[in-house]
Amino acid sequence: MSELVVTDLHAGVAGRKILKGVSLTVRSGEVHAVMGPNGSGKSTLSHVITGKPGYEVTSGSVTLDGVDLLSLPAWERARAGLFLAMQYPTAVPGVSLEAMLTASAVAGDRDSDSIRAEIHAEAKRIGLAEALISRPLNVDLSGGEKKRNETVQLGVLRPRIAILDEIDSGLDVDAMKAVTSRIEEATNDEEAPLGVLAITHYKRLFEELKPDHVHVFAQGVIQTSGGAELAEELERTGYGEWTSDEEPEESDVAEAFHDPFGEATFADHLKLHESGPTGNIFE
Ligand code: ADP
Ligand code: MG
């Protein structure tokens with residue numbers, strides 16, 4: 001049995017505090033839902049636990065079966081049994097799903113010969129087209145194909161604990177059923193049941209994947225927790241009770257990291273064009 005333990009986690013990015021004391025324990029076979037408004041820090045939580053570079057942890061701890069994850073690079077956290085299904089899966093031109101999964105399996109001391117058959121079996125199970133197994137990872141895939149792709153990875157790699165960051169976004173009804181029922185099956189595996197931390201906005205994720213605990217996440221902390229009925233209630237009431245009308249402090253905004261490749265607003269474009277005669281962001 002495995003246990004992911006997050007204790008009083010405080011973390012931020014670019015001088016901005018985002019996680020303000022998160023504590024949570026996910027055990028094998030359990031499904032924990034994290035629901036909260038946009039921008040509250042849910043993806044940040046997933047990134048900090050899995051080790052995406054660029055975040056600063058100021059206090060608290062994250063352990064998986066007693067191993068201190070925060071001191072490990074992302075790939076070693078994965079090898080320890082942690083998996084992240086990304087909200088926006090990264091496209092990797094030149095590397096196929098098959099090559100990536102074979103390399104991961106070998107790094108995890110698994111036999112590379114059996115992996116190929118497993119990838120095809122998992123793809124078939126959740127309806128990922130065969131052709132996508134050998135195509136470059138996530139390049140030009142539809143939203144639904146990307147999420148099926150993430151689910152094939154989960155099925156093949158068999159992590160102990162999986163964080164699903166909006167795995168339901170972009171899925172049509174059939175894909176939703178395929179993806180969520182595959183993950184629910186993994187949580188019921190007799191030998192090594194999967195523990196899940198599922199970030200979502202919608203209770204429709206829980207038609208197949210049954211949550212044991214639902215947490216309301218807002219303003220960088222878990223505000224309240226309950227059972228599956230809390231997801232129903234949230235769909236009716238929204239998050240108004242836990243959100244604040246306050247604008248971020250001026251200093252927070254000024255220190256925020258500007259990602260020239262990130263999603264820019266129209267106002268950002270105007271600013272860029274004012275910044276130089278050509279509007280070249282590298283000037
Ligand atoms: P959620 O997933 O709950 O919608 P995120 O964790 O993605 O929220 O973001 C939380 C807040 O942190 C948002 O206000 C977002 O703009 C900010 N944020 C995330 N990444 C960065 C970054 N690299 N630089 C500055 N701010 C960031
Ligand atoms: Mg997010």
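In each ligand, atom 1 is the first atom listed, and ligand 1 is the first ligand listed.
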Exercise for review: Report yes or no: does P37 have a heavy atom closer than 4.0 Å to ligand 1?
Suggested key: yes
**Study point:** Distance-only N or O hit between ligand 1 and S40, under 3.5 Å
**Key:** yes
Practice item. Of all the heavy-atom pairs spanning L154 and L194, show the shortest one and how long it is. Key: CD2-CD2, 3.9 Å
Practice item. Measure the CG-CZ distance between L72 and R79 for me, rounded to the nearest 0.5 Å. Key: 10.0 Å
Practice item. Could you say whether the N/O atoms of S43 and ligand 1 ever approach to under 3.5 Å? Key: yes
Check your understanding: Nearest heavy-atom pair of P89 and N138: which atoms, and what distance?
Key -> CB-ND2, 3.4 Å
Exercise for review: Could you tell me whether some N/O pair between G41 and ligand 1 is separated by less than 3.5 angstrom?
Suggested key: yes
Check your understanding: Considering only heavy atoms, does T44 approach ligand 1 within less than 4.0 Å through its side chain, its backbone, both, or neither?
Key -> both
Review point. Taking both backbone and side-chain atoms of G39, is any N or O found less than 3.5 Å from an N or O belonging to ligand 1?
Key: yes
Exercise for review: Using a strict 4.0 Å cut-off to heavy atoms of N38, name the atoms of ligand 1 that fall inside it.
Suggested key: 4 (O)
Review point. So, for S43 and D165, which heavy atoms are closest and what is the spacing to 0.1 Å?
Key: OG-OD2, 2.6 Å
Check your understanding: Do any N/O/S atoms of S46 come under 2.8 Å of the Mg ion (ligand 2)?
Key -> no
**Study point:** Aromatic plane relationship, H213 with H32 - under 30° parallel, 30 to 60° tilted, over 60° perpendicular
**Key:** parallel
Revision key, fill the gap. All heavy atoms of G21 vs all of D8, minimum pair found to be CA-OD1, 3.3 Å
Practice item. Confirm or rule out an N/O/S atom of Q87, from backbone or side chain, lying less than 2.8 Å from the Mg ion (ligand 2). Key: yes
Revision key, fill the gap. Heavy-atom nearest pair, Q153 first then L137, reads NE2-CD1, 4.0 Å
Practice item. Could you check if a side-chain atom of R116 sits within less than 4.5 angstrom of a side-chain atom of T102, using non-hydrogen atoms only? Key: no
Check your understanding: What part of R16, side chain from CB on, backbone N/CA/C/O, both or neither, has a heavy atom under 4.0 Å from ligand 1?
Key -> side chain
Exercise for review: Could you say whether the N/O atoms of K42 and ligand 1 ever approach to under 3.5 Å?
Suggested key: yes
